[in-house]
Undergrad: 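Have a look at the structure that comes next, please.
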2 protein chains.
Amino acid sequence: MDRQERNAQFARALIELRSMVLGAAFGAGERLPETALAERLSLSRTPLRQAMDRLVDEGLLERVETGGCRVAQFKLSDIKDAIELRGVLEGTAARLAAERGMVPALATRLDEVLSELDTAVAGTLDFRSYQKFNAEFHDLLGRLAGSTILAKELERAGRLPAASPSSFLQGQEMIPDFRESLTRAQQQHRAMADAIRAREGARAEALAREHARLARANLEYVMRKEPALAERVPGLSLIAD
Amino acid sequence: MDRQERNAQFARALIELRSMVLGAAFGAGERLPETALAERLSLSRTPLRQAMDRLVDEGLLERVETGGCRVAQFKLSDIKDAIELRGVLEGTAARLAAERGMVPALATRLDEVLSELDTAVAGTLDFRSYQKFNAEFHDLLGRLAGSTILAKELERAGRLPAASPSSFLQGQEMIPDFRESLTRAQQQHRAMADAIRAREGARAEALAREHARLARANLEYVMRKEPALAERVPGLSLIAD
DNA sequence: TGACCGAAAACTGTATACAGAATAGCGTCG
DNA sequence: CGACGCTATTCTGTATACAGTTTTCGGTCA
């Protein structure tokens, strides 16, 4: 039965179920019936339940007292907190990298990524490229201090709804104000790297926190002026305010 | 079969397995055979596997490529990072509580707990009482800002090995230097509460971080001067350095 | 008409069965 | 005597069976 890789069914269940939840495939607070879902995904209840457990842990689902799970409800403040949390953790990663020195292998890659980002925002904006290298920048940042535990926790924080560094880079190239925002973000990227290199821990930390505030600004912008777009940002459909 | 509460088997599996792992019931990097373990705990593989998944997520176990799990190995630096992480998160909780104001209900309870801690360290040390109210103080701190997400993440961080605020309060009343450490800790508790009340966010954050450094100092003391005691602190048996 | 009660259906948590992969043990060959 | 390969056992991942609980729906009574 294991013709495929090690736990293919579970992996599939996790990915599909997560994207279903984020994509608002279920109504607000709706309970998820295991049997039906399992059939719908054409796998058995066992790996599906594994996936549900995981999503509960990630915060997307919540266990209901009487049994089973339902999709979690978020207030706008929860999303803001999640972004703040990511900022704090990235700030810590930046500070520790400054204090301890960067992991050499990652440091050289960081420079390359920064260059790529520069060219992505220079001249005509290469949105796809920016998207890709921005994600890598934040991934590198998390691992730059060489702390496995911090990197893991940062990865987890990025899975909270709309808290990932890439959350607001989903087909937003059409928003005119957005171009400038990306330029500012890249300036902050550079400043963070400079601070880390110069062993300026406090500055690096403050910059990372401020950088996360851009995401918060985007969140507020989208919620206020482009509610239609809120559909496209992964977790925003879960907001009930 | 569900004569007991909702998922009793899983809960039991989780608690017992975690305490087994923390208590060094398994050798370094040993693989955990599911069938044998299930029989040993007299439950089926299903809830046991759930518990294992959870412990993997907590970081106590790690999945091995070929299948199954083994107990994770930690370097001393990992434990230090876990403590630092808790400090950062508690610092954020303190700062946000200062900036936003404390949740009223929790604020009054905080005062009571601080009084209890005062009397616990005054005169002859009431270690058991200190232990209990210290745990509650840190729990309150995590929820003081009213952020569910932050509280959850803080709770998670406390489950990393030896990172909980109570980790180094396990029967250490016999160490002479320790008494003074508790007094200093309580002074820091008071200072944090003062800062939060006065809306001094930066000070509150800094104090919380410094407070966590006490745990780090305890860690280093135990590892260097009382290796015998390292057996008694929950996660320290997992350190391979 | 509306509320309460009871039976049936649906659903969850747990145990077990099953299939394929990994590992260990043993024999054989160099 | 040691290395290699084959087979048997063990173990994991997945599916399914089962028991008890929750929920729903229809009927009865006020």
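Throughout, a chain's letter reflects where its sequence line sits, starting with A, and its residues are numbered from 1.
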Undergrad: How far apart are the C-alpha atoms of A:Lys80 and A:Glu220, what are their side-chain angles, what is the distance that settles it, and do they pass the salt bridge (Lys or Arg N to Asp or Glu O under 4.0 Å) test?
TA: CA-CA 9 Å; A:Lys80 288 181 187 169; A:Glu220 283 164 351; 3.5 Å; yes

Undergrad: Nearest whole angstrom, please: distance from the P of C:dC11 to the CZ of A:Arg63.
TA: 17 Å

Undergrad: Within this structure, what is the CD-to-P distance between A:Glu39 and D:dA15, rounded to whole angstrom?
TA: 13 Å

Undergrad: Counting distance only, does the side-chain N/O of B:Asp126 pair as donor-acceptor with the main-chain N or O of B:Ser129 below 3.5 Å?
TA: yes

Undergrad: How about A:Glu153 and B:Leu85: do any of their side-chain heavy atoms sit closer than 4.5 Å?
TA: yes

Undergrad: What integer distance in Å separates B:Arg6:CZ from D:dT21:P?
TA: 9 Å

Undergrad: Whole-Å distance between D:dT12 P and B:Leu61 CG?
TA: 12 Å

Undergrad: May I have the distance from A:Glu34 (atom CD) to C:dC11 (atom C1'), rounded to whole angstrom?
TA: 8 Å

Undergrad: Compile the donor-acceptor pairs under 3.5 Å between side chains in residues 54-62 of chain B and protein atoms, sequence neighbours left out, one pair per line.
TA:
residue : atom : partner  : partner atom : Å
B:Asp57 : OD1  : A:Arg156 : NH2          : 3.4
B:Asp57 : OD2  : A:Arg156 : NH2          : 2.6
B:Asp57 : OD2  : B:Arg156 : NH1          : 3.1
B:Glu58 : OE1  : B:Arg18  : NH1          : 2.9
B:Glu58 : OE2  : B:Arg18  : NH1          : 2.6
B:Glu58 : OE2  : B:Arg159 : NE           : 3.3
B:Glu62 : OE2  : B:Arg70  : NE           : 3.0
B:Glu62 : OE2  : B:Arg70  : NH2          : 3.4

Undergrad: Would you be so kind as to tabulate the donor-acceptor pairs closer than 3.5 Å made by side chains of residues 38-45 of chain B, with sequence neighbours excluded?
TA:
residue : atom : partner : partner atom : Å
B:Ser44 : OG   : B:Thr46 : N            : 3.1
B:Arg45 : NE   : B:Glu34 : OE1          : 3.0
B:Arg45 : NH2  : B:Glu34 : OE1          : 2.9

Undergrad: Find which nucleotide of DNA chain D each of B:Gly68 and A:Thr66 is nearest to by heavy atoms, and output the residue with the more 5' nucleotide.
TA: B:Gly68

Undergrad: Is there a side-chain contact between A:Ser44 and the phosphate of D:dA15, meaning an N or O under 4.0 Å from OP1 or OP2?
TA: yes

Undergrad: Mind calculating the distance between CG (B:Asn7) and P (D:dT22) to the nearest angstrom?
TA: 13 Å

Undergrad: As a test of reading the structure: which of D:dA15, C:dT16, C:dC11 is closest to the side chain of A:Pro33, going by heavy atoms?
TA: C:dC11

Undergrad: Measure from CD on A:Gln9 to P on C:dA21 and round the result to the nearest Å.
TA: 14 Å

Undergrad: Name every residue in residues 45-58 of chain B that has at least one heavy atom under 4.0 Å from any atom of DNA chain D, in order of residue number, or write none if there are no such residues.
TA: B:Arg45, B:Arg49

Undergrad: Whole-Å distance between C:dC11 P and A:Leu37 CG?
TA: 10 Å

Undergrad: With heavy-atom distances below 4.5 Å as the criterion, would you say the side chains of A:Leu219 and A:Leu236 are in contact?
TA: yes

Undergrad: Of A:Glu116, A:Arg109, A:Met192, which is the lone residue that meets side-chain contact (heavy atoms from CB on, under 4.5 Å) with A:Phe137?
TA: A:Met192

Undergrad: On DNA chain C, nearest-nucleotide positions of B:Arg31 versus B:Ser42: which is more 5'?
TA: B:Ser42

